[in-house]
Amino acid sequence: MSDSVVYAVSDGVATITLNRPDAMNSLDTPTKVLLRDTVQAAAEDPAVRVVVLTGTGRAFCVGQDLKEHIGLLQANDQAALWSTVPDHYAPIALALTEMPKPVIAAVNGVAAGAGASMAFACDFRVVADTAGFNLAFTGIALSCDTGISWTLPRLIGRAKALELLYFPRTIPAAESLDLGLASSVVPADQLDATVAELAGKLAKGPTVAYGAVRQSVNYSATHTLAESLAFEAGQMQLTGATEDHHNAVASFVAKEKPTFTGK
C-alpha cells in the first residue's frame with residue numbers, strides 16, 4: 001500500500017498528511033485515489049470531530065503530478081487524462097467542503113493548482129509565513145478544478161478570483177492574509193503548535209452544530225433567502241435534538257461550563 005498519504009487520529013482530530021516530499025506532494029493517480037478515500041473515511045468516521053489537511057517537506061501540495069500528466073499526454077490516453085477530474089478531484093473537493101465537521105488546512109509550503117483548491121475547500125487556512133498560493137491552471141493552458149471555481153469567488157469575490165486565475169503567480173503569505181485566502185499567518189516553526197491548538201479547540205466543541213453551520217453557509221450560497229431560512233430551520237431542529245444542546249442548556253442553568261461530546 002502507498003504511503004503517499006498518512007492518516008492518524010488522536011483525541012478526535014484526524015490528520016491527513018500528503019507525503020511525497022521529493023515530488024512536492026504532487027498528485028499522481030495512486031495518491032489521488034488514496035487521498036480521496038482517506039478524506040471520505042474521515043468525513044464518515046463518527047470518532048473524528050475535526051480534520052487537518054497538511055503536507056510534508058517544502059510544499060503543501062503543488063497539484064497534479066505533471067510527470068505523470070506528460071506521460072499520459074504522450075500516450076494519448078484521453079480516458080486516464082480527464083477521468084481524473086470526476087473520479088478523483090471532484091470527490092476530494094466535495095468531501096472536504098461538505099463533511100459535517102470542521103476542516104483545517106495547515107499550509108506548510110506552497111499550495112498550487114489543485115493544492116490551492118483543496119486548501120480553499122477548508123474552513124480555516126493556517127499558513128506558514130514562508131508559504132504561499134499559486135493558482136497555476138492557466139499557466140499550463142488548463143481550466144480550473146477541485147472546486148476552486150466555487151470556493152475562490154466566495155472567499156475573495158468574482159473579480160479578484162478571475163484575476164488570480166487568469167494571471168497565476170505565487171501569492172506570498174502576507175498578501176494571502178490581506179486578500180482573505182489565509183485565515184491566519186504564523187511563523188513556520190509555530191505552524192504545528194498553532195494548528196494543534198485550533199484543532200483541539202474544535203475537537204472539544206459541539207461537532208453537530210459546527211457541521212450544521214457549515215452546511216447552512218454552503219447551502220445559502222446557491223439558494224434564495226426563503227430556501228435558506230427553511231434549511232436553517234431543519235438544521236436547528238437537528239442540533240436541538242443533540243445531547244450537546246441539552247447538556248449545554250443544563251450547564252447554562254447551573255452556571256457551569258458545558259462539556260461537548262460531539263453527539
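These numbers come from the heavy atoms of this one structure, side chains and all, not from hydrogens, waters or symmetry mates.
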- Please answer whether the main-chain N or O of S184 pairs with a side-chain N or O of R125 as donor and acceptor at a distance below 3.5 Å. no
- Message: Test of understanding: clusters of I, L, V, M, F, W, Y form through side-chain heavy atoms closer than 4.5 Å, transitively. Do V213 and M99 belong to the same one?
- Response: no
- Using 4.0 Å as the upper bound for N to carboxylate O, is an ion pair formed by E44 and K101? no
- Message: Let's go through Q78 and N76 carefully: what are the C-alpha distance in whole Å and the side-chain angles of both, what is the deciding distance for side chain to side chain donor-acceptor pair (under 3.5 Å) to 0.1 Å, and is it a yes or a no?
- Response: CA-CA 6 Å; Q78 296 296 312; N76 196 29; 2.9 Å; yes
- What pair of heavy atoms forms the shortest contact from S183 to L177, and how long is it? O-CD1, 3.7 Å
- Locate the shortest heavy-atom distance separating L27 from E68; write the atom from each residue and the value. O-OE1, 4.3 Å
- Query: If you count the non-hydrogen atoms of other residues, nucleotides and ligands that lie under 6.0 Å from CG in D87, is the total more than 12?
  - Reply: yes
- Message: For a quick test of reading the model, state the closest non-hydrogen atom pair linking A131 to V107 and the distance between them.
- Response: CB-O, 3.7 Å
- Query: Applying the 4.5 Å side-chain criterion to the ILVMFWY set and letting contacts propagate, would V5 and V50 be lumped into a single cluster?
  - Reply: no
- Task: Kindly say whether A114 contributes a backbone atom to a donor-acceptor pair with the side chain of T146 at under 3.5 angstrom?
- Result: no
- Y7 versus V9: any side-chain heavy-atom pair under 4.5 Å? yes
- Message: Could you report the tightest heavy-atom contact between L191 and V126, atom names first, then the distance?
- Response: CD1-O, 3.5 Å
- Query: What is the distance from atom CG of N134 to atom OG1 of T170, rounded to the nearest 0.5 Å?
  - Reply: 4.0 Å
- Heavy-atom donor-acceptor pair, T242 side chain to H245 backbone, under 3.5 Å: yes
- Message: Between L164 and W150, is there shared hydrophobic-cluster membership here, with clusters defined by ILVMFWY side-chain heavy atoms closer than 4.5 Å?
- Response: no
- Query: Do any N or O atoms from the side chain of N247 and from the backbone of E243 form a donor-acceptor pair under 3.5 angstrom?
  - Reply: yes
- Message: Quick check on side chain to side chain donor-acceptor pair (under 3.5 Å): which of K32, H88, H69 does Q64 satisfy it with?
- Response: K32
- If we only count heavy atoms from C-beta on, is the P91 to Q40 side-chain gap below 4.5 Å? yes
- Item | Polar side chain donor-acceptor pair, S228 to S220, under 3.5 angstrom | no
- Task: Kindly compute the distance separating CZ (F120) from OG1 (T97), expressed to the nearest 0.5 Å.
- Result: 12.0 Å
- Query: To the nearest 0.5 Å, how far apart are NZ in K160 and CG in L152?
  - Reply: 11.0 Å
- Can L53 and T15 be said to form a side-chain contact (heavy atoms from CB on, under 4.5 Å), step by step? CA-CA 6 Å; L53 179 64; T15 302; over 6 Å; no
- Query: Between the side chain of T54 and the main-chain N/O of A106, is any donor-acceptor distance below 3.5 Å?
  - Reply: yes
- What one should report as the nearest heavy-atom pair of A105 and F60 is CB-CZ, 4.3 Å
- Item | Minimal non-hydrogen separation, V103 against L96, with atom names | CG2-O, 3.6 Å
- Item | Path from L135 to L162 over hydrophobic side-chain contacts below 4.5 Å | no
- Task: For the pair N108 (side chain) and G55 (backbone), establish whether a donor and an acceptor sit closer than 3.5 Å, ignoring hydrogens and angles.
- Result: yes
- Does R58 reach the main-chain N or O of G109 with its side chain, forming a donor-acceptor pair under 3.5 Å? no
- Just by modelled atom types, is the D65 backbone N or O under 3.5 Å from a matching donor or acceptor in the D28 side chain? no
- Determine yes or no for a side-chain-to-main-chain donor-acceptor pair under 3.5 angstrom, with S176 supplying the side chain and I171 the backbone. yes
- Could you tell me whether the side chains of E227 and T224 share a donor-acceptor contact shorter than 3.5 Å? yes
- Query: Distance only, no hydrogens: is a donor on one side chain within 3.5 Å (strictly under) of an acceptor on the other, for S4 and R20?
  - Reply: no
- d(T31 OG1, R36 CZ) to nearest 0.5 Å is 12.5 Å
- Query: Can D123 and I104 be said to form a side-chain contact (heavy atoms from CB on, under 4.5 Å), step by step?
  - Reply: CA-CA 6 Å; D123 299 322; I104 304 167; over 6 Å; no
- Beyond-backbone contact of F260 with R49, side-chain heavy atoms, under 4.5 angstrom: yes
- Query: Do F133 and I92 belong together in a cluster built from hydrophobic side chains that touch within less than 4.5 Å?
  - Reply: yes
- Message: Checking the side chain of D11 only, and the main-chain atoms of A203 only, is there a donor and an acceptor separated by less than 3.5 Å?
- Response: no
- Go through the steps to decide whether T194 and E197 satisfy the test side-chain contact (heavy atoms from CB on, under 4.5 Å), and finish with yes or no. CA-CA 5 Å; T194 303; E197 181 180 1; 5.7 Å; no
- Query: Does the salt bridge (Lys or Arg N to Asp or Glu O under 4.0 Å) test come out yes or no for E163 and R158, once each step is laid out?
  - Reply: CA-CA 9 Å; E163 176 192 325; R158 179 180 185 274; over 6 Å; no
- Task: Give, for atom NZ of K204 and atom OG1 of T261, the distance between the pair rounded to the nearest 0.5 Å.
- Result: 14.0 Å
- Task: Quick one: do N25 and V62 satisfy side-chain contact (heavy atoms from CB on, under 4.5 Å)? Show the steps, please.
- Result: CA-CA 6 Å; N25 298 321; V62 296; over 6 Å; no
- Query: Between atom CG of L142 and atom CZ of F137, what is the distance when rounded to the nearest 0.5 Å?
  - Reply: 8.5 Å
- Query: Is it true that D244 and K263 have a side-chain N and a carboxylate O under 4.0 angstrom from each other?
  - Reply: no
